[in-house]
2 protein chains.
Amino acid sequence: MNTDPDLVRGTLNTILLETISRAPMYGYQICKTVNAKTSGYFNLREGSLYPALHRLEQEGLLKAYWEQADTGRRRKYYQITDAGRRVLAEKREQWQAFATAIQQVLAPSALPAM
Amino acid sequence: MNTDPDLVRGTLNTILLETISRAPMYGYQICKTVNAKTSGYFNLREGSLYPALHRLEQEGLLKAYWEQADTGRRRKYYQITDAGRRVLAEKREQWQAFATAIQQVLAPSALPAM
DNA sequence: TGAGTATACATCGGCTATCTTGGTATGTCA
DNA sequence: TGACATACCAAGATAGCCGATGTATACTCA
């Protein structure tokens, strides 16, 4: 099944903050991790990822630092900030509320209001 | 808590199809019903609703007809089509898959992949 | 009878996050 | 040397929701 891009919208930041909150990660790794973790359901691309990371960094929710890998390549690691954790907590709640609301609509038992 | 417009995006069509699938409804009624059904969590406005209804009608997922209410006012009722029911079924599945994927990311037990 | 509110339809511009496409550069392996 | 994975990034296009605004009718209550 295809992922509807419009479903992804609004959750990407949450996904990124959540993923990075576990351990500092670099872009390419985040891409692979998220896609793997959702069994390929998400098809997160770099064209979506990097702008999002930059946005979150600019908002002070992430902090970036460069590191040299054993392979010799430079990697830009992203680390969550305290502000990031606060926002993440909010976004988690927001998601739960949203999912609940949707379920309320999709529930077969829902009575026709009015 | 505020509803993130970006979360609504991509689910509005599903919500509308689902709501209308139970019984033909007119715009104003849909607005009130959805908002009531989600305990005010959604704040569906006419500026979002009517364009969406028109879009769905143009795609052949809804069919509209006018009716005169007892009150004397004209109401434009929307009815789901067979194509609409098929798409709704898809969208329900899509939503479940999506919600599952998100849960997989948000699950505290998720192991750091890679 | 007049004002205010609820009902009922609709359009339009602005916003913005995501997608697609394209680009640069390095390391590995055959 | 060529192919591929790794690793970063930019830019333009897209498309859908939101807020504001407009029109018109019916009801309520002073």
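Naming convention: chains lettered A, B, ... in sequence-line order (proteins, then strands); numbering from 1 in each chain. The basis for the numbers below is simple: all heavy atoms, side chains too, and nothing from hydrogens, waters or symmetry mates.
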**Message:** Classify the ring geometry of B/Tyr77 against B/Tyr65: parallel below 30°, tilted from 30° to 60°, perpendicular beyond 60°.
**Reply:** parallel

**Message:** Under the side-chain contact (heavy atoms from CB on, under 4.5 Å) test against B/Ile20, which residue among B/Leu61, B/Ile30, B/Leu88 passes?
**Reply:** B/Ile30

**Request:** Report the distance from atom OH of B/Tyr50 to atom C1' of D/dT21, rounded to the nearest whole Å.
**Result:** 15 Å

**Request:** For B/Leu53 and C/dA8, give me the distance from atom CG to atom P, rounded to whole Å.
**Result:** 15 Å

**Item:** A/Leu7 CG to C/dT18 P, straight-line distance once rounded to whole Å
**Value:** 12 Å

**Spatial distance of atom CZ (A/Phe42) from atom OG1 (A/Thr33) [nearest 0.5 Å]** = 14.0 Å

**Prompt:** Are the side chain of B/Thr11 and the backbone N or O of B/Thr14 linked by a donor-acceptor pair below 3.5 Å?
**Reply:** no

**Prompt:** To the nearest angstrom, how far is A/Leu49 atom CG from D/dC8 atom P?
**Reply:** 9 Å

**Prompt:** Looking at B/Lys76, does any N or O in its side chain come under 4.0 Å of the phosphate oxygens OP1/OP2 on C/dA10?
**Reply:** yes

**Request:** Look at the rings of B/Tyr78 and B/His54 and say which category their plane angle falls in: under 30° parallel, 30 to 60° tilted, over 60° perpendicular.
**Result:** tilted

**Residues within residues 57-75 of chain A bordering DNA chain D, heavy-atom distance below 4.0 Å** = A/Trp66, A/Arg73, A/Arg74, A/Arg75

**Message:** What is the separation between atom CZ on A/Phe42 and atom C1' on C/dA17, rounded to the nearest whole Å?
**Reply:** 14 Å

**Request:** Rounded off to whole Å, could you give me the OH-to-C1' distance for the A/Tyr28 and D/dC9 pair?
**Result:** 15 Å

All N/O contacts under 3.5 Å from nucleotides 12-16 of chain C to the protein, with atom names and distances to one decimal?
unit_1 : atom_1 : unit_2 : atom_2 : d
C/dT16 : O2     : A/Arg9 : NH2    : 3.0

**Request:** Return the value, rounded to whole Å, for the distance between atom CD of A/Gln29 and atom P of D/dA5.
**Result:** 18 Å

**A/Glu67/A/Arg74 under side-chain contact (heavy atoms from CB on, under 4.5 Å): CA gap, chis, key distance, verdict** = CA-CA 6 Å; A/Glu67 215 166 82; A/Arg74 297 176 71 222; over 6 Å; no

**Request:** Flag the pair B/Lys63 / B/Glu57 as yes when at least one side-chain heavy-atom distance between them is below 4.5 Å, and no otherwise.
**Result:** no

**Prompt:** Is the side chain of B/Ser48 donor-acceptor paired with the backbone N or O of B/Leu44 at a distance under 3.5 Å, no angle test?
**Reply:** no

**Fill in**
To the nearest angstrom, the CZ-P distance between A/Arg45 and D/dA10 comes to 19 Å

**Request:** Measure from the side-chain N and O atoms of B/Arg75 to the backbone N and O of B/Trp66, and report whether any donor-acceptor pair falls under 3.5 Å.
**Result:** no

**Prompt:** Under 4.0 Å between a side-chain N/O of B/Tyr26 and OP1 or OP2 of C/dA8, yes or no?
**Reply:** yes

**Message:** Does D/dA10 have OP1 or OP2 under 4.0 Å away from a side-chain N or O of A/His54?
**Reply:** yes

**Asked** Taking N and O atoms by type only, does the side chain of B/Glu46 place a donor or acceptor under 3.5 Å from a partner on the base of C/dC9?
**Response** yes

